[in-house]
Amino acid sequence: MKPFTFERVSSPAQAAAAAAKSRGARFIAGGTNLLDLMKLEIEAPTHLIDVTQTGLGEISATGDGGLRIGALVTNTALAAHERVKRDYGVLSRAIVAGASGQLRNKATTGGNLLQRTRCPYFYDTNMACNKRVPESGCSARGGVSRQLGIVGVSEACIATYPGDMAVALRVLDAVVETVRPDGSARTIPIAEFHRLWGDTPHIETALEPGEMITAVVLPAPLGGTHLYHKVRDRRSYAFALVSVAAVLDAEGRGRVAVGGIAPRPWRVEAADAALPDAAAAARALTQGASPTDQNAFKIALVERTLAGVLAKARGEFA
Amino acid sequence: MKYVEPVGETPIDRQRVVGRPTPRIEGPLKVTGRAHYAYERHDVVEDPLYGFVVGSAIAQGRVTGFDLAEAKAQPGVVEILTTTEMEALPLGLGNSTTLFGGDVIHHYHQAIALVVARSFEEARAAASRVRVSYARTPGHHDLASIADTAPFAKDGDKGPDVSALGDFEAAYAKAPVRIDATYTTPDESHAMMEPHATTAHWQGDKLTLWTSNQMISWGKDSIANVLGLKPENVRLDCPYLGGGFGAKLFLRADAVLAALGSKRTQRPVKVMLSRPLVFNNTTHRPATIQRLRFGADKDGRMTAFSHVCTSGNLPGGDIENGVSQSRLLYAAPNRYTAHRLAELDLPEGASMRAPGEAAGMMALEGAMDELAEALGMDPVELRIVNDTQVDPENPERKFSNRKLVECLRRGAEAFGWDARNTTPGGRREGRWLIGHGMAVGFRNSIPRKSAARVRLSGNGQVTVETDMTDIGTGTYTILAQTAAEMLGLPLEAVSVTLGDSDHPAACGSGGQWGAANSTSSVYAACVKVRETVATRLGFDPAKADFSDGSVHQGSESRPLADALGAGEIVVDESIEYGDLAEKFQQSTFAGHFVELAVDAYTGETQVRRMLACCEAGRILNPVSARSQVIGAMTMGVGAALTEELAVDTRYGFFVNHDLAGYEVPVHADIPHQEVIFLEELDPVASPMKAKGVGELGLCGVGAAVANALYNATGVRVREYPLTLDKYLDKLPAIA
Ligand SMILES: Cc1cc2nc3c(=O)[nH]c(=O)nc-3n(C[C@H](O)[C@H](O)[C@H](O)COP(=O)(O)OP(=O)(O)OC[C@H]3O[C@@H](n4cnc5c(N)ncnc54)[C@H](O)[C@@H]3O)c2cc1C
Ligand code: SF4
């Protein structure tokens with residue numbers, strides 16, 4: 001870990017001002033991802049801005065019947081919130097499918113959205129990695145890639161966005177609210193929040209340097225059956241091979257988004273339109289896939305996971 | 001005590017303390033944070049420096065230079081030792097490659113430098129600024145690509161590791177029912193909770209290592225040999241280990257570098273390997289490729305049996321002996337077993353819990369399931385039909401006690417084996433396909449010399465001192481139980497000191513030999529203590545009964561403490577064995593049964609329940625024995641379903657070198673486990689009439705999981721671990 005300076009701010013405006021002052025700064029919330037990366041020197045901020053006391057820990061109703069989730073609301077609190085459980089079950093289920101109870105107690109809504117990939121080569125500083133060191137090469141290509149992406153990936157990087165919560169946010173069409181270093185606020189639809197890697201896999205989101213997430217806003221509830229199925233090698237404490245977030249009616253029509261296969265939660269209009277046909281929806285979701293030998297199975301897994309989710313929505317089993 | 005004849009009745013047979021479920025006596029220290037592990041010896045070492053190990057970034061080649069300028073300029077840095085400063089150090093016992101020194105790189109994350117600083121954080125920060133240049137050379141990193149040309153391993157000085165009896169090929173060709181199956185097992189990591197760690201301190205030419213090591217006397221001799229010290233100038237102390245599973249059988253870089261760093265700085269230095277180094281710097285269980293061919297008559301009796309196992313290792317490294325149990329488990333007149341060993345440039349392969357047996361049984365018992373299916377026979381009955389009471393390669397030699405059939409029958413009944421569905425893929429509950437599988441568990445019991453000191457003092461206080469280790473297995477407790485039973489005292493009267501190399505040398509913890517041999521040494525010492533006590537009290541040692549703190553003979557009774565008026569009694573004694581192990585095969589047995597659910601859509605697995613019915617002689621402490629077995633069963637689930645060191649065959653290293661990437665089971669994977677112990681005594685194995693149990697629970701259980709997966713899905717996967725990508729496309733189609 002490189003030496004760094006530290007300050008704690010007490011409002012989003014102060015956070016923005018602090019970010020404006022110092023170029024190499026990072027916000028720190030729960031620290032569950034950032035600190036691990038700093039210990040390995042994959043991230044080496046010179047200055048940390050602690051945003052945990054910025055008063056963004058609340059969940060409140062919006063005028064149009066939706067919910068505004070403060071960026072510092074913990075994953076545990078969000079998943080357990082009465083209205084989230086009732087009206088946005090897919091979100092609650094996605095969150096508890098992630099990490100562990102201890103981590104979710106620390107992890108925040110903003111930090112969770114910004115968690116970085118779990119590509120093993122990204123974590124080994126002896127290995128070339130375009131995401132860690134731009135233009136250094138990609139060790140995962142031709143290497144151990146079972147966990148990595150099959151769609152939306154690029155020549156430069158085949159990693160995935162690994163998180164669960166954002167997959168549910170994608171199916172709910174959430175909106176991210178931010179404040180920029182100059183103090184101005186803006187909103188970013190979740191669909192545009194995570195970028196495809198392209199030639200610049202080190203740039204992962206639409207956020208500008210120093211831009212802080214203040215809240216995530218959920219539109220009015222969709223109704224329907226909310227499901228999240230996360231497929232992984234062990235039953236807890238593992239990242240998704242494939243995950244499916246769905247909001248469906250009794251016939252299996254509605255929306256789906258898929259995690260574990262792409263640089264962002266993967267949602268395709270044609271797939272939603274193809275529902276309730278699991279095979280057709282899966283085809284739309286994996287169209288143009290460029291898997292490796294090791295992760296080609298994810299194509300079939302998307303279809304089968306989706307089929308299971310649809311069967312459950314139809315009430316075929318508990 | 002030399003153990004040459006099976007013992008008759010002994011005070012242990014009373015089982016007033018031994019054999020009773022007893023919570024571990026050091027437990028309160030552990031759960032209250034007062035048990036000091038190697039990296040936390042603040043109780044004995046003041047103000048230590050911290051060493052951080054730099055691992056090689058390449059797998060094969062040479063270090064051509066270091067640039068230390070930036071690292072040395074970091075705050076807090078006291079010293080930096082580099083591998084090129086010295087010749088390659090000699091090998092310690094069990095090491096196949098040097099732990100430090102020289103410029104040659106044999107494997108990824110080989111230790112090449114130690115940064116010593118005032119704090120851990122400073123040492124780590126500076127370590128990342130050590131600049132190293134390398135000359136890389138190509139190597140062999142892929143077992144599958146060189147397995148076919150691998151030569152036979154050497155069996156000591158007996159020549160190639162091939163064992164043949166009768167005419168396998170002819171019998172196999174004639175057999176009406178045949179199986180020919182190739183199984184593979186991956187490289188596995190011990191992944192114990194506590195990484196390798198050592199605190200070192202020199203006083204003059206005397207070195208003390210507070211370390212985490214399963215085999216104290218091996219460790220002491222090894223460090224003396226590696227650093228060129230007199231063994232009497234070295235002391236190892238290891239009262240507690242946070243697990244080892246074989247990773248800490250032999251000296252590792254933490255101990256060597258802590259010693260070198262402390263020597264250089266003249267300060268105590270502590271070194272813990274970072275988690276990634278545990279995977280690539282230290283040892284692992286080598287991958288195997290195993291071919292099994294069985295020929296059987298229609299009634300299930302095997303006429304031809306062959307098992308050939310191939311593994312790889314660094315030059316000079318050992319085999320992963322997958323065929324050892326195949327040579328003993330089933331009768332068959334025509335047999336061929338062999339081991340091939342390829343030279344592979346990966347990190348060092350060495351012992352991991354049930355070395356050889358675990359991987360071998362996963363293949364053997366999977367293939368037996370295939371044979372049962374080919375015969376249309378109940379897998380339990382197939383094992384019973386092929387049971388043997390003698391060593392199949394040497395029929396003169398009997399098993400000391402072999403109750404495998406009883407384990408299988410009793411286990412099957414308790415599990416409800418008969419109620420299972422026998423049509424593969426034929427049972428579905430909602431989204432789940434349900435399957436049942438079984439396998440035999442089979443691991444040998446190994447007699448080894450072990451010594452202990454028993455001190456009887458005060459008014460009946462007992463102290464047991466030995467360099468034996470407790471790696472989380474419960475050794476403290478069973479040694480105390482043994483002394484208490486022998487001397488007729490309550491458990492609380494006994495205190496136990498372990499892991500100190502100044503104390504008598506024990507068998508150590510490995511190969512499931514720890515419990516039976518270390519308790520036997522305490523037994524042997526207590527026999528002598530009893531003689532002295534009885535004589536001092538004027539009783540006949542052969543007739544005196546030690547109970548309730550007193551010694552009784554006929555109608556006479558005297559408090560034990562009366563014998564101590566003439567001073568404390570101290571006995572150093574060891575257990576050594578004659579040729580009973582040559583005359584009798586000593587083994588432990590289990591029937592493993594597993595119920596597994598497989599998601600019909602996604603192929604995800606969920607173990608629902610597991611049961612093991614075990615025979616391991618006297619069960620010294622049912623609480624800790626059960627813990628050993630269920631822990632091993634859990635490890636077996638990991639081996640079957642998730643655990644694999646993923647090899648990058650281009651760069652020659654294990655890529656998933658942390659506990660997020662190397663997936664051991666979590667609680668949610670293991671819902672329900674049951675263990676039954678048969679009440680058996682094995683007086684041939686040890687005077688305690690006990691055998692080992694620590695590895696039995698692992699042997700075979702992975703195959704039971706695999707067989708359950710087959711029964712659930714109708715898909716046979718022979719490539720462990722059975723991750724869903726290997727069978728997803730073969731699952732029944734979804735509606
Ligand atoms: C062992 C382990 C297992 C895990 N398993 C899963 C899993 O299965 N599924 C899953 O989804 N996740 C998993 N995670 C990831 C976990 O969910 C994230 O680490 C966590 O959500 C991050 O939140 P945090 O508040 O701790 O973020 P931090 O670590 O504090 O920050 C993460 C990043 O976000 C930035 N940041 C934080 N807050 C803001 C803000 N308000 N505005 C702008 N930038 C901000 C930081 O600068 C940093 O770059 C796992 C993590 C671990 C360690
Ligand atoms: S896939 Fe991406 S993260 Fe992984 S090594 Fe390649 S560039 Fe780095």
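Atom set for the values below is all heavy atoms of this structure, side chains included, hydrogens, waters and symmetry mates excluded. All values reported here derive from a predicted model rather than from experimental measurement. Numbered from 1 within each chain, the chains take letters A, B, ... in sequence-line order.
- Scanning residues 138-150 of chain A against chain B with a 4.5 Å heavy-atom cutoff picks out S139(A), R141(A), G142(A), G143(A), V144(A), R146(A), ordered by number.
- For Q606(B), the parts sitting under 4.5 Å from any heavy atom of chain A are the backbone and the side chain alike.
- Heavy-atom pairs under 4.5 Å with chain A peak, among A125(B), P721(B), S56(B), at A125(B).
- For chain B, no part of K298(A) is nearby; none of its heavy atoms comes within less than 4.5 Å.
- Neither the backbone nor the side chain of H667(B) comes within contact range of chain A; no heavy atom of the residue lies under 4.5 Å from a heavy atom of that chain.
- Looking only at atom types and distance, the side chain of N112(A) has a donor-acceptor partner in the side chain of Q115(A) under 3.5 Å away.
- Heavy-atom distances place no part of I58(B) under 4.5 Å from chain A, backbone and side chain included.
- Nearest heavy-atom pair, L310(A) versus G252(A), reported as atom, atom and distance to 0.1 Å: CD2-O, 3.3 Å.
- Remark: the D164(A) side chain and the Y228(A) side chain contain an N/O donor-acceptor pair separated by less than 3.5 Å.
- Heavy-atom pairs under 4.5 Å with chain A peak, among L731(B), D725(B), V664(B), V666(B), at D725(B).
- Contact check on R129(B) versus E41(A) returns a salt bridge, with a Lys/Arg side-chain nitrogen under 4.0 Å from an Asp/Glu carboxylate oxygen.
- Defined by atom type and a distance below 3.5 Å, a donor-acceptor pair is present between the side-chain atoms of S133(B) and T64(B).
- In this structure, no portion of D729(B) lies under 4.5 Å from any heavy atom of chain A.
- Proximity to chain A is absent for every atom of V637(B), based on heavy atoms less than 4.5 angstrom apart.
- Heavy-atom distances place the side chain of R650(B), and not its backbone, under 4.5 Å from chain A.
- Among L641(B), V655(B), T605(B), N656(B), the residue with the largest count of heavy-atom pairs under 4.5 Å with chain A is V655(B).
- Ion pairing between R431(B) and D599(B) holds under the 4.0 Å rule for side-chain N and carboxylate O.
- Aromatic ring pairs are classed by plane angle as parallel below 30°, tilted from 30° to 60° and perpendicular above 60°; the pair F654(B) and H284(B) is perpendicular.
- Residue-environment remark: NZ (K726(B)) exceeds the threshold of 12 foreign heavy atoms within 6.0 Å.
- When the shell of 6.0 Å around NE2 of H140(B) is examined, it contains 12 or fewer heavy atoms from other residues, nucleotides or ligands.
- Contacts between F297(A) and chain B at a heavy-atom distance below 4.5 Å involve backbone atoms as well as side-chain atoms.
- Heavy-atom distances place no part of L722(B) under 4.5 Å from chain A, backbone and side chain included.
- Between the side chains of D648(B) and Y108(B), not a single donor N or O lies within less than 3.5 Å of an accepting N or O.
- For S274(B), no part lies near chain A; criterion is any non-hydrogen pair under 4.5 Å.
- In this structure, chain A has a heavy atom under 4.5 Å from the side chain of T642(B), while its backbone stays farther away.
- Within the 4.5 angstrom heavy-atom criterion, only side-chain atoms of L241(A), from C-beta onward, approach chain B.
- Distance check: H107(B) NE2 to Q60(B) CD gives 10.0 Å after rounding to the nearest 0.5 Å.
- The greatest number of non-hydrogen atom pairs below 4.5 Å with chain B, out of K2(A), R118(A), E316(A), R232(A), is found for K2(A).
- For an aromatic pair to be called close, the ring centres must be under 6.0 Å apart, and Y39(B) with F120(B) fails this.
- Of the N and O atoms on the side chains of T634(B) and Q673(B), at least one donor lies less than 3.5 Å from an acceptor on the other residue.
- Counting non-hydrogen atoms of other residues, nucleotides and ligands closer than 6.0 Å to CD of E70(B) gives a total above 12.
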